[in-house]
Every structure is written in structure tokens, then in C-alpha cells.
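Heads up, the thing below is written out as C-alpha cells.
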Amino acid sequence: MSLTVTEALKQRISTRAFLGTPVSESEIREILDAARYAASGGNVQPWKVVVVAGETKQAVTDAVKKKLETDPFTNEASFPVYPEKLWEPHRSWRYELGEDMYALMGIPREDKGARLNWLLKNYEFFGAPAGMFFVIDERMNQNQWAHLGMFMMSLCLAAEERGLSTCMQEAWTPHCDTVAKVIGVDKPDIVYCGLALGHADKDAKVNQLRSKRAEVDEFATFKGF
Ligand SMILES: Cc1cc2nc3c(=O)[nH]c(=O)nc-3n(C[C@H](O)[C@H](O)[C@H](O)COP(=O)(O)O)c2cc1C
């Protein structure tokens, strides 16, 4: 049964545990075919996507894990993934998300090893059979980056409609050059972010996480009504 847009918006979550059930190229093509209708300023369509599965997906995982072993802290992106000192209320929202996720999985704050191991699952696409990397020409500015984000969200909703789950993954961003080398992305194109795509493992505890949201009146003001 098809979802309404609002249902898809409310149902989509960041899925962090997947079943091994494969997703076919034709299913992914269908999702991309829907997502390409996303709007962009001037219809510039500033997005490119590299879809990975099988050996290529494994090669990306291997390359990033190798980098993490030898050089874990170099940020290959030209920007920090978050502003250096996040301010309120954003700082607390970010903190709460982490705490809620680890509490759900029974990983205490002091257990840095378990928390790190959990983060490393990002680099296995959380077990998803397919992954994507979103690529943008580095000459694009923040305006077009916003529009790439709109494309990404459209893609997640199109996946949701087809019973597939997603997790957008900026965990790849600090390793973007390493990823680019493996998937054959050359300057001026750069890898922005990854995405895991597949069938959710509904029994996995982590997939019970429901992140909180600010109420409408906390972020919207109405004038002239
Ligand atoms: C661009 C983008 C990048 C993200 N990167 C990651 C990531 O690397 N790892 C992860 O576990 N979640 C990642 N997330 C998921 C966010 O934490 C999540 O969207 C947020 O907590 C809201 O929860 P929800 O997606 O379940 O509604 C990312 C989300 C976005 C939009």
C-alpha cells in the first residue's frame, strides 16, 4: 500500500541495522528516477550519485578502515562536519541523540571502546547491501549544497515508499578523498556524504530509536495572519 508524503516523512528514520537481503539495480534506478524530480535553484541539479554494492562497496569499507588504522584524525573534507563549537539548542539536540541511541543499546558513556565500535559500523553501511555516495562539483556554493540535500531527502522518501530504508551518512565525509579514489570521483567533483540503503532489520534495537523534534512554534514564526 502506498504511503502519503506525510506518512513517508513520519515513517522514515535513519536505519542503523539492515538485513542482508539484496536490493537490485533496477529498484535503485527507480528510486533515483523519482528523486531526480527534486527542485534545485535555477534547475541546476547539482547532484551526482555513485551507487555501490558487492566488491566495490567492500573496497570502500576496506580503504576507509585502513585509513582509520593509520591516520584516523585527518579530515579530508575542506570543512568540519559540524561547526567547531555547536551552540544551543542544537548542541543539546545532538547530545541527546547520542545519549538516547547508546542508552537504547545499553552502551554506557564510559565504555568508549563499545561506542567507537558502534561508530565504525558506519563504514560497513550498517550491514546494508547497497550504499550511495553523493557527489558535488566543488565549485558549487552553499546554495547548491542545500539543493543536494533536498535531492537526498527526496531519495530517502522514494526509498521509504518502496519499503526500503536508508541512513544518510556524513561519517564518510572526513574520509572523502579516500572514498573518491576507490569509486573513481575526480576533482572538481568531490564526495560529500554517504547513504546506506536496504531492508531494515526490524528486530534490531537501534532501529527503535525515534529522534525528537522541536515543536513548530520553536522554529517557526507567523506574521501577518
Ligand atoms: C546529511 C546527514 C548525514 C548523517 N550522517 C549520519 C552518520 O554518519 N551516521 C549516523 O548514524 N547517522 C547519520 N545521520 C542521521 C541523523 O543522526 C538523523 O537524521 C537525525 O538524528 C534525525 O533522526 P532520524 O533520521 O532517525 O529522523 C545523518 C543525517 C543526515 C541528514
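None of the values given here were measured: they were computed from a predicted structure. Any value given below was found using the heavy atoms of this structure, including those in side chains, with hydrogens, waters and symmetry copies removed. In each ligand, atom 1 is the first atom listed, and ligand 1 is the first ligand listed.
Between A171 and ligand 1, at least one N/O pair is under 3.5 Å apart. Polar contact with ligand 1: absent for F126 (N/O pair, distance under 3.5 Å).
Partner of I28 under the side chain to side chain contact (heavy atoms under 4.5 Å, CB included) criterion, chosen from V51, L164, D33: V51.
Side-chain N or O atoms of T61 include one that pairs as donor or acceptor with a backbone N or O of Y123 at under 3.5 Å. Looking at T56, its side chain never comes within 3.5 Å of a backbone N or O of V52 through a donor-acceptor pair. The closest donor-acceptor contact from the side chain of H175 to the backbone of V64 lies at 3.5 Å or more, if one exists at all.
Here is the list of ligand 1 atoms found below 4.0 Å of a heavy atom in S211: 22 (C), 23 (O), 24 (P), 26 (O), 27 (O). Every atom of ligand 1 is numbered from 1 in the order shown, and the set under 4.0 Å from a heavy atom of C167 is 10 (C), 12 (N). Near R12, meaning under 4.0 Å from one of its heavy atoms, ligand 1 places the atoms 24 (P), 25 (O), 27 (O). Of all atoms in ligand 1, listed by their number and element, those nearer than 4.0 Å to a heavy atom of Y192 are 1 (C). Against a heavy-atom cut-off of under 4.0 Å, L97 is close to the following atoms of ligand 1: 17 (O), 21 (O). Residue R16 has at least one heavy-atom neighbour below 4.0 Å for each of these atoms of ligand 1: 10 (C), 11 (O), 12 (N), 15 (C), 16 (C), 17 (O).
Ion pairing between a basic and an acidic side chain is recognised when a charged N comes within 4.0 Å of a carboxylate O; R162 and E27 show no such pairing. Checked for salt-bridge contact, R210 and D100 miss the test: no charged N lies under 4.0 Å from a carboxylate O. Look at E124 and K121 and you find no salt bridge, because none of the NZ, NE, NH1 or NH2 atoms lies under 4.0 Å from a carboxylate O.
When hydrogens are left out, the protein atom nearest atom 2 (C) of ligand 1 is M168 CB, 3.7 Å; that is the closest non-hydrogen contact. Annotation: atom 18 (C) of ligand 1 to nearest protein heavy atom, S14 OG, 3.4 Å.
Contact annotation: for N122 versus ligand 1, heavy atoms closer than 4.0 Å belong to the side chain alone. Residue M101 does not touch ligand 1, judged by heavy-atom distances below 4.0 Å.
Atom CZ of F126 is separated from atom CG of N207 by 9.5 Å, given to the nearest 0.5 angstrom.
A heavy-atom separation below 4.0 Å is not found between M153 and ligand 1.
Summarising the contacts of atom 7 (C) of ligand 1 with Q169, K10, R94, the nearest heavy atom is found in Q169. Nearest residue to atom 3 (C) of ligand 1 from E96, R213, E170 is E170 (criterion: closest heavy atom).
Annotation: cation-pi pair R109/Y102 absent, no NZ/CZ under 6.0 Å from the ring centroid and within 45° of its normal.
Classified by interplanar angle (parallel below 30°, tilted 30° to 60°, perpendicular above 60°), the ring pair Y192/F79 is tilted.
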